[in-house]
Visitor: 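So that we are looking at the same thing, I have put the structure below in structure tokens.
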Amino acid sequence: MPTRRPEIKIAPDISELLLHSKALRPLTSEQKEELTRISKYDVSTYSEEDVRAEIIDPVIRILGYAKETYFSTQREKHLKVADGDLFIDYRMTLWSQAFWVIEAKKVKRKQLKFTSAELQQALLYAVHPEIDAALVVLCDGRVFEVYDRDESVTQPAARVEVKNLPEQFHVLQALLGPWQAWFFQKRRALRVASRVLQLEMTPGRIDEFSDAMQRRVQDARAKVYDNWRKVKPSTDENAQWRNELKKASIKDIVATEFFSSQTAAGLSFVAKCLVEKAKPGAFELMYAMFPDNPENLNDHYVAQALRTLIEFETSGCESNWMPAWLSAHQRGTNVEAPIKKLISLSLTAFETAPEFRAVLQFAACARRLTKISMAFIPTLAQLGHLHHQHVRHFFDEFDYIQFMSSPEGHNLRQLDVHAYLLTERFVYECADNQRGRFNLNRAHTLLRDSWNTERHLLGDGAEYWRSLDGRGLDGEIQPTEHSWVDYDSLGHIVLCVLKDIPKWREYVLSNHRNDVQQVAACGSWAASEILGVSKGVQVPRLSDTDSAKRFFDGDIGLFKALRDAYWNRKPRT
């Protein structure tokens with residue numbers, strides 16, 4: 001007799017699974033020991049009360065239900081049916097809503113099977129308007145049977161004998177765990193809608209039903225945000241991130257937090273964290289931020305490093321070491337000179353530090369190339385959807401990442417990830433293995449190759465913008481297409497750091513006014529604010545020659561080609 005092949009899940013099924021279920025929570029060693037102990041009980045003489053206390057109660061606790069939590073239990077719930085009274089053994093609630101019920105039964109038969117009368121009694125509880133639970137569970141101390149009343153009341157959806165609890169507890173978890181039951185209820189709503197729609201015979205009714213559902217979704221949005229605020233106060237949004245940062249090493253913080261965009265408060269917190277971790281002499285911190293030879297970095301990296309130096313100076317600390325490219329630093333002095341040097345480099349696109357400039361130029365180009373690739377290759381844009389499904393399925397539902405997760409958001413984060421990896425490879429390719437130095441000639445060759453590839457892929461830009469539609473990259477705040485093309489993103493970010501620190505705001509205004517004006521001429525509102533330019537007043541743009549020199553080492557043809565392509569957002573006629 002041929003064996004039946006297992007059902008093959010196709011992509012849409014997997015997507016539904018990931019978005020509408022949760023990964024099972026691993027059991028602790030104590031929970032496993034308790035399940036083993038329960039599985040060995042001789043329940044032949046147990047009363048119904050014994051079954052509740054010794055079997056059902058601990059199983060419910062291990063599933064994750066407890067009083068005074070969001071996932072609670074209610075025992076001996078009183079229900080009215082006409083002029084009669086009913087008392088349900090248990091109902092399990094999520095946010096005070098009942099999603100499943102369980103009835104305890106005394107062991108009174110040899111056959112390991114519940115009678116129709118016993119199931120009918122439980123079903124009567126489940127269909128009561130105050131309950132309306134799809135899942136009905138019976139337990140007599142020897143077996144748990146779970147019925148999905150919307151699907152079948154003749155065959156259980158799941159059946160686990162108590163003696164097998166240690167090995168088969170996951171079967172109960174998959175249906176009855178707090179989050180699983182909640183997601184089951186949502187799938188139940190989809191099943192009901194699907195069943196109704198399958199019987200529709202007027203095409204227009206489909207659109208009307210869709211509109212009605214959409215109105216309900218929109219009406220629920222405010223309630224959803226209110227629910228989130230109740231379970232996750234706004235003051236706690238970054239608490240987990242801050243706690244993890246405090247435990248991380250200097251090296252790990254530099255390798256991760258320095259490469260992504262941060263708020264002013266975020267930059268400040270990272271800086272304070274690093275200063276607190278710095279040992280006397282601060283060599284570990286300074287060398288992690290400023291190695292002798294160029295390593296992976298981008299505009300955000302420079303801004304965070306500068307903010308950390310400023311915090312270091314504010315705290316009155318001294319550093320015994322600085323790299324030669326940043327300062328002719330003397331042992332046992334403060335860090336004011338390196339701060340001034342880094343400001344000067346940042347406001348002039350690192351013109352006097354060509355090795356580091358090449359890395360920054362490539363990092364910006366790598367991000368632009370990544371976005372071009374995601375526009376032209378649909379499969380790459382699917383990565384955001386896959387990451388979103390992963391978060392939905394595996395991460396704690398109360399985790400802040402759940403609130404922030406979306407396919408579009410993950411696609412935007414992929415720009416950071418791929419730009420980082422490409423820049424890492426670029427730095428590796430430019431390392432001179434024999435002398436351990438950065439090979440600037442090789443860097444310029446690779447950089448020019450990348451620019452020419454970008455120019456070739458873009459053409460006049462019209463196809464790029466058309467292809468970008470619907471890729472989930474529309475909500476990007478960072479001006480990827482213009483960074484290091486006709487917009488000085490590095491200068492802008494650094495001035496965003498300095499403008500809120502009176503001492504350094506005054507310093508750049510007094511000592512780098514011309515540089516700040518150049519950054520303003522590239523479109524920076526932070527530069528205009530420091531210069532006192534009124535809002536709404538347009539600062540004259542840099543000339544093509546100056547822009548080409550600032551961003552593309554003087555190649556005016558390349559500058560014009562990329563600038564024009566990235567501004568060509570009008571579709572072809």
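This chain uses plain numbering: 1 for the first residue, then up along the sequence.
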Visitor: Salt-bridged, K22 to D396, with N to O below 4.0 Å?
Guide: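 No.
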Visitor: At what distance, to the nearest 0.5 angstrom, does OG1 of T308 lie from CG of L267?
Guide: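 It comes to 8.0 Å.
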Visitor: Measuring from atom CG of D292 to atom CZ of R437, what distance do you get when rounded to the nearest 0.5 angstrom?
Guide: 9.0 Å
Visitor: Rounded at 0.5 Å granularity, tell me how far CD1 in I372 sits from CZ in R367.
Guide: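 If I round to the nearest 0.5 Å, the distance is 13.0 Å.
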Visitor: In terms of side-chain geometry, is the basic nitrogen of E408 or R471 positioned less than 4.0 Å from the acidic oxygen of its partner?
Guide: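 Judged by the 4.0 Å cut-off on N to carboxylate O distance, E408 and R471 do not form a salt bridge.
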Visitor: Would you call the rings of W484 and F551 parallel, tilted or perpendicular if under 30° counts as parallel and over 60° as perpendicular?
Guide: perpendicular
Visitor: Within the 4.5 Å heavy-atom criterion, are Y420 and N298 side-chain neighbours or not?
Guide: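 No, side chains not in contact.
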Visitor: Regarding D500 and R505, does a basic nitrogen lie under 4.0 Å from an acidic carboxylate oxygen?
Guide: no
Visitor: Do H300 and S260 have side-chain N/O donor and acceptor atoms under 3.5 Å apart?
Guide: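 No, because no side-chain N or O of H300 sits under 3.5 Å from a partner of the opposite role on S260.
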Visitor: Between H418 and T370, do the side chains contain an N or O donor and an N or O acceptor separated by less than 3.5 Å?
Guide: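 There is no such pair (donor and acceptor under 3.5 Å, judged by atom type) between the side chains of H418 and T370.
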Visitor: Can you give me the closest heavy-atom contact between R513 and L531, atom names plus distance?
Guide: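 So the minimum-distance heavy-atom pair works out to NH1-CD2, 3.8 Å.
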Visitor: Looking at R448 and D555, is there a salt bridge between them, counting it only when a charged N and a carboxylate O are closer than 4.0 Å?
Guide: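 Yes, this pair counts.
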Visitor: Looking just at side-chain N and O atoms, do H387 and Q414 make a donor-acceptor pair shorter than 3.5 Å?
Guide: yes
Visitor: Any donor-acceptor pair under 3.5 Å linking the side-chain atoms of Q262 with those of E257?
Guide: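 A donor-acceptor contact under 3.5 Å links the two side chains.
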Visitor: Looking only at side chains, do D299 and S489 share a donor and an acceptor under 3.5 Å apart?
Guide: yes
Visitor: Looking at side-chain heavy atoms only, is the closest gap between V508 and V494 below 4.5 Å?
Guide: no
Visitor: Rounded to the nearest 0.5 Å, what separates atom OG in S344 from atom CG in D515?
Guide: 6.5 Å
Visitor: Crowded around K277 NZ? As in, over 12 foreign heavy atoms under 6.0 Å?
Guide: yes
Visitor: Heavy atoms only: give me the nearest N411-G384 pair and the separation to one decimal.
Guide: OD1-N, 3.0 Å
Visitor: For F269, what residues pass the ring-ring contact (aromatic ring centres under 6.0 Å, His included) criterion, not counting sequence neighbours?
Guide: W241
Visitor: Donor-acceptor pair, K560 side chain versus A548 backbone, under 3.5 Å?
Guide: no
Visitor: May I ask you to check whether S510 and E506 show a side-chain donor-acceptor distance below 3.5 Å?
Guide: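 There is such a pair (donor and acceptor under 3.5 Å, judged by atom type) between the side chains of S510 and E506.
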Visitor: State which residue, out of I310, L347, L309, fulfils the side chain to side chain contact (heavy atoms under 4.5 Å, CB included) condition with L342.
Guide: L309
Visitor: Does a side chain donor of either T480 or R368 reach within less than 3.5 Å of an acceptor in the other side chain?
Guide: no
Visitor: If you measure from CG on L562 to CD on E481, what distance do you get to the nearest 0.5 Å?
Guide: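 Rounded to the nearest 0.5 Å, the CG-CD separation comes out at 11.5 Å.
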Visitor: Please state whether the rings of F362 and F426 are parallel, tilted or perpendicular, taking 30° and 60° as the class boundaries.
Guide: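 Plane angle under 30°, so parallel.
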Visitor: Decide whether H482 and D486 meet the rule of one side-chain donor and one side-chain acceptor closer than 3.5 Å.
Guide: yes
Visitor: Describe, in one word, how the ring planes of W504 and Y507 are oriented to each other, choosing from parallel (under 30°), tilted (30 to 60°) and perpendicular (over 60°).
Guide: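 The arrangement is perpendicular - the two ring planes meet at more than 60°.
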Visitor: Name the orientation class of the two ring planes belonging to Y487 and H492 (parallel below 30°, tilted from 30 to 60°, perpendicular beyond 60°).
Guide: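 Aromatic pair Y487/H492 classed tilted.
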Visitor: My understanding is that only one of W325, F290, Y301 makes a ring-ring contact (aromatic ring centres under 6.0 Å, His included) with F356; could you say which?
Guide: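 That would be W325; it is the only one of W325, F290, Y301 passing the ring-ring contact (aromatic ring centres under 6.0 Å, His included) with F356.
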Visitor: Just by modelled atom types, is the I250 backbone N or O under 3.5 Å from a matching donor or acceptor in the E284 side chain?
Guide: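 No; judged by distance alone, with no hydrogens or angles, the pair does not exist.
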Visitor: Is it the case that the side chains of D546 and S543 hold a donor-acceptor pair, with the cut-off being a distance below 3.5 Å and no angle test?
Guide: yes
Visitor: Could you tell me whether E336 and K340 have a side-chain N and a carboxylate O separated by less than 4.0 Å?
Guide: yes
Visitor: Could you tell me whether the side chains of D252 and S249 share a donor-acceptor contact shorter than 3.5 Å?
Guide: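 There is such a pair between these side chains.
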Visitor: Looking at K371 and E454, does any basic side-chain N land under 4.0 Å from a carboxylate oxygen?
Guide: no
Visitor: So do W525 and C496 actually touch side chain to side chain, heavy atoms under 4.5 Å?
Guide: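 Heavy-atom side-chain distance check passes, below 4.5 Å.
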